[in-house]
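Residue numbers run from 1 in the order of the sequence given.
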Amino acid sequence: MDSASSEPIAAEPKLVLRHKGPTRLWHWLNALLLYVLFASGLGIFNAHPRLYWGHYGANLDRPWLVLERFGSWITLPAHYDLAMSRHWHLSAAPIFAFALLFYMVWSLFGGHLARDLAFRRDELAPRHVWQDIKDHARLRFPTGEAALRYNMLQKASYIGVIFVALPILILTGLTMSPGMNAAWPWLVDLFGGRQSARSIHFITAFMLVAFFLVHMLMVVLAGPLNEIRSMISGRYRVPEARR
């Protein structure tokens, strides 16, 4: 009679619901809207590819940044058409703004903010912060139950994007609108002038692009099939804990 194998039987990978419906919907809607807004925004920028600080900006004023026009491969539409770029931009912007407002309200009152994004006291300890930085630098991703929680760097970046960068993008966009100057004149004062708002809008947009590129790199390195599936169906296969 054969003796029983002494090798342990591998447990089935645990499949859990990681992302709720509103998070998944907002994620994919944002991906589409940010593409439309960024590409059409570059088309608008091509009409005057210079940036200024203050209230005024024209050909005779001194810009702080001068660029060549962006190529047609990255603008919407794929040729210079200021009117059409504005049409795309102003069509997507209200949807983007109200989607963000809905997600912020849901995060606050639905428990997502307190449960998933709020910092715990121990996470703010210098030793913990430094350990998270080292783990990220070494591409040492969490496993087991730890993989179901955002680490300190993820929380900081998500809070910064959702509650700081995206609202700044929306408010500076409104500041550049002549109609909003009459309705909310305090916006112009808040950002130090329409040209300052335009510069901040431009910088913030490229910061979000940088965040997106880093985010996609982390998705690829952490396991794209599992990560993308969790953002489509919500189901996430928990990586086996390290022994």
Query raised in the report: To the nearest 0.5 Å, how far apart are CG in Leu90 and CD1 in Ile44?
Result: 6.0 Å
Identify every side-chain donor-acceptor pair in residues 183-195 under 3.5 Å, counting partners at least two apart or on other chains, and give the distances.
from, atom 1, to, atom 2, distance (Å)
Arg194, NH2, Met176, O, 2.7

Report task. Measure the shortest side-chain to side-chain distance between Phe45 and Leu51 over non-hydrogen atoms and say whether it is less than 4.5 angstrom. Result -> yes
Query raised in the report: Are Arg69 and His48 close enough that some pair of their side-chain heavy atoms sits under 4.5 Å apart?
Result: no
Query raised in the report: Looking only at heavy atoms, which two atoms of Ser91 and Pro94 are closest? And how far apart?
Result: O-CD, 3.6 Å
Report task. Would you mind listing every side-chain hydrogen bond (donor to acceptor under 3.5 Å, both in side chains) that reaches into residues 20-35, with sequence neighbours excluded? Result -> Thr23-Tyr103
Requested in this report: For Ala93 and Leu37, work out which heavy atoms get closest and say how close.
Outcome: N-CD2, 3.7 Å
Requested in this report: Verify, without hydrogens or angle tests, whether Ser85 (side chain) and Leu76 (backbone) share a donor-acceptor contact under 3.5 angstrom.
Outcome: yes
**Report entry** Shared hydrophobic cluster for Phe102 and Ile159 (ILVMFWY, side-chain gaps under 4.5 Å)
**Finding:** no
Report summary line: Value for CG (Leu148) from CZ (Arg18), rounded to nearest 0.5 Å, stands at 6.5 Å
**Report entry** Shared hydrophobic cluster, Phe211 / Val214 (ILVMFWY, side-chain heavy atoms < 4.5 Å)
**Finding:** no
Report task. Identify the two heavy atoms, one from Pro63 and one from Arg50, that lie closest to each other, and give their separation to 0.1 Å. Result -> CB-CB, 4.0 Å
Query raised in the report: Are more than 12 heavy atoms from other residues, nucleotides or ligands located less than 6.0 Å from atom OH of Tyr158?
Result: yes
Query raised in the report: Quick one: do Arg237 and Glu227 make a salt bridge, cutoff under 4.0 Å?
Result: no
Query raised in the report: Any chain of hydrophobic side-chain contacts (each under 4.5 Å) joining Val209 to Ile168?
Result: yes
**Report entry** Residue Arg62 excluded, over 12 heavy atoms near CZ under 6.0 Å
**Finding:** no
Requested in this report: Check ring-ring contact (aromatic ring centres under 6.0 Å, His included) between Phe38 and all other residues, then give those that pass, not counting sequence neighbours.
Outcome: Phe206
Requested in this report: Given side-chain contact (heavy atoms from CB on, under 4.5 Å), test Ile162 with Leu100 step by step and report yes or no.
Outcome: CA-CA 8 Å; Ile162 297 169; Leu100 175 63; 4.2 Å; yes
Query raised in the report: Taking the side chain as C-beta and beyond, is there a heavy-atom pair between Tyr236 and Leu17 under 4.5 Å?
Result: no
Query raised in the report: Could you give the distance from NE2 (His89) to CG (Leu82), rounded to the nearest 0.5 Å?
Result: 11.5 Å
Report task. Would you check if Arg229 and Leu15 make a side-chain contact, meaning some heavy-atom pair closer than 4.5 Å? Result -> yes
Query raised in the report: What closest approach, in Å, do Gly144 and Val238 show between heavy atoms, and which atom pair accounts for it?
Result: O-CG1, 3.2 Å
Requested in this report: Work out which heavy atom in Ala99 is nearest to a heavy atom in Leu29; give both atom names and the distance.
Outcome: CB-CD2, 3.9 Å
Requested in this report: Count the heavy atoms belonging to other residues, nucleotides or ligands that lie under 6.0 Å from OH of Tyr80, then report whether that count exceeds 12.
Outcome: yes
Query raised in the report: Roughly how far, to the nearest 0.5 Å, is the CG atom of Leu166 from the CG atom of Leu34?
Result: 6.5 Å
Query raised in the report: Between Arg149 and Glu123, is there a side-chain N and carboxylate O pair less than 4.0 Å apart?
Result: no
**Report entry** Whether over 12 other heavy atoms sit under 6.0 Å from Met207 CE
**Finding:** no
Requested in this report: Hey, could you give me the CG/NZ distance between Asp132 and Lys155, rounded to the nearest 0.5 Å?
Outcome: 9.5 Å
Requested in this report: State, yes or no, whether a side-chain contact exists between Tyr150 and Asp116 at a heavy-atom distance under 4.5 Å.
Outcome: yes
Query raised in the report: Transitively linked via ILVMFWY side-chain contacts under 4.5 Å: Ile133 with Leu124?
Result: yes
Query raised in the report: Looking at side-chain heavy atoms only, is the closest gap between His19 and Arg235 below 4.5 Å?
Result: no
Report task. Applying side-chain contact (heavy atoms from CB on, under 4.5 Å), run through Arg198 and Phe202 and close with a yes or a no. Result -> CA-CA 6 Å; Arg198 184 169 179 258; Phe202 182 91; 5.8 Å; no
Query - Intermediate values then yes/no, side-chain contact (heavy atoms from CB on, under 4.5 Å), Tyr52 and Leu65 - result: CA-CA 7 Å; Tyr52 310 83; Leu65 180 66; over 6 Å; no
Report summary line: Here the side-chain hydrogen bond (donor to acceptor under 3.5 Å, both in side chains) pairs for residues 160-176, sequence neighbours left out, are Thr172-His201
Report summary line: Heavy-atom closest pair (Ser196 atom, Gly54 atom, distance to 0.1 Å) is OG-N, 2.6 Å
Query raised in the report: Do Val164 and Val105 sit in the same hydrophobic cluster, where Ile, Leu, Val, Met, Phe, Trp and Tyr count as joined when their side-chain heavy atoms come under 4.5 Å apart?
Result: yes
Query raised in the report: By ring-ring contact (aromatic ring centres under 6.0 Å, His included), which residues pair with Trp53, not counting sequence neighbours?
Result: Trp64
Query - Atom pair CE/OG of Met152 and Ser157 - distance to nearest 0.5 Å - result: 9.5 Å
Query raised in the report: Is any side-chain heavy atom of Leu42 less than 4.5 Å from a side-chain heavy atom of Asn46?
Result: no
Report task. For Met84, check side chain to side chain contact (heavy atoms under 4.5 Å, CB included) against everything at least two apart and list the hits. Result -> Pro77, Asp81, His87, Trp88
Query raised in the report: Side chains of Phe141 and Leu221: closer than 4.5 Å at any heavy-atom pair?
Result: yes
